[in-house]
Amino acid sequence: MNADAQKKAAAEAAIAHLPRNGVIGVGTGSTVNYFIDALAPLRDQIPAAVSSSEASTERLKRIGITVEDLNSVAEIKVYVDGADEINKYLQMIKGGGGALTREKIIAAVSKQFICIADQSKLVGTLGEFPLPVEVIPMARSYVARQLVKLGGRPVYREGVVTDNGNVILDVHGLRIDEPLTLEEKLNNIVGVVTNGLFAHRAADLLLLGGPEGVQEMR
Ligand code: 5RP
């Protein structure tokens, strides 16, 4: 199985973990697109979804699933999303698709976070993938200087404006031995909206597609 087939298998495995008749949270990215495709035959059993991006919202609506504003939803039982990197503690780097802020909000609200990914995403130490940081535009240079002080090499994601109207710095060269501490330090930089480290709110279940099939990790 190549990476795409592994993503598809992981995405389809998530269907068995969905609640009966509950609102679900839906992430963003190519793996999640497979998940949305797999939701189509179940549309009548899903009262509504909360989506982490305009792109996923559009895809969900196209298959006939109602998308609700998070503020009008009392509870999300399960949130399904991909990751750019994930370690054995199910801590992740996310935001390769630029949707990290809404993803972190929905993850915080949801009772269970199911990460769907292909095998290449499982790493020993987070940080090989550049860490996305969403920043208020006027603070971009200031935040970049603070990121350099933390040992990173921030690169402005040119031409990208997030769904929230902000910009993204991708931080290269970080070896993230202490994800919990780094997530806190990044949150403390004025001008940072969200950083793509999901350490405090890690996944609860990883469905990892590999050559032999889908493995569950908790
Ligand atoms: C988007 C994300 C995605 O989950 C992450 O980039 C993985 O994407 P893909 O499933 O395309 O590999 O965090 O902001």
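Positions are given from 1, in the same order as the sequence printed here. Atoms within each ligand, like the ligands themselves, are counted from 1 in listed order. Just so it is clear, the model here is predicted, and its values are computed rather than measured. Note: hydrogens, waters and symmetry copies are ignored here, and every other heavy atom, side chains too, is used.
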Salt bridge (charged side-chain N to carboxylate O under 4.0 Å, His left out) between K104 and E183, intermediate numbers included: CA-CA 12 Å; K104 218 176 226 192; E183 187 177 0; 2.7 Å; yes
Can you pull out the closest protein heavy atom to [atom]? Residue, atom name and distance to 0.1 Å, please.
atom                    : value
atom 10 (O) of ligand 1 : T31 OG1, 2.6 Å
atom 1 (C) of ligand 1  : E103 OE2, 3.1 Å
atom 9 (P) of ligand 1  : S30 OG, 3.3 Å
atom 5 (C) of ligand 1  : D84 OD1, 3.1 Å
atom 3 (C) of ligand 1  : T28 O, 3.2 Å
atom 12 (O) of ligand 1 : K121 NZ, 2.6 Å

Under 3.5 Å between some N or O of ligand 1 and some N or O of [X]?
X   : result
G95 : yes
G97 : yes
G29 : no

Ligand-side contact atoms (ligand 1) for residue partner G82, heavy atom cut-off under 4.0 Å: 4 (O)
Contacting atoms of ligand 1, where contact means under 4.0 angstrom from a heavy atom of A99: 14 (O)
The single option from T66, L60, I24, I63 passing side chain to side chain contact (heavy atoms under 4.5 Å, CB included) against I46: I24
N164 side chain vs N166 backbone, donor-acceptor pair below 3.5 Å: no
Heavy-atom closest contact (P179 atom, L126 atom, distance): CG-CD1, 4.2 Å
ILVMFWY network linking F113 to I86, side-chain heavy atoms under 4.5 angstrom: yes
R140 to Y156 six-membered ring, cation-pi geometry met (6.0 Å, 45°): yes
From C115 atom SG to L90 atom CG, the distance as rounded to the nearest 0.5 Å: 8.0 Å
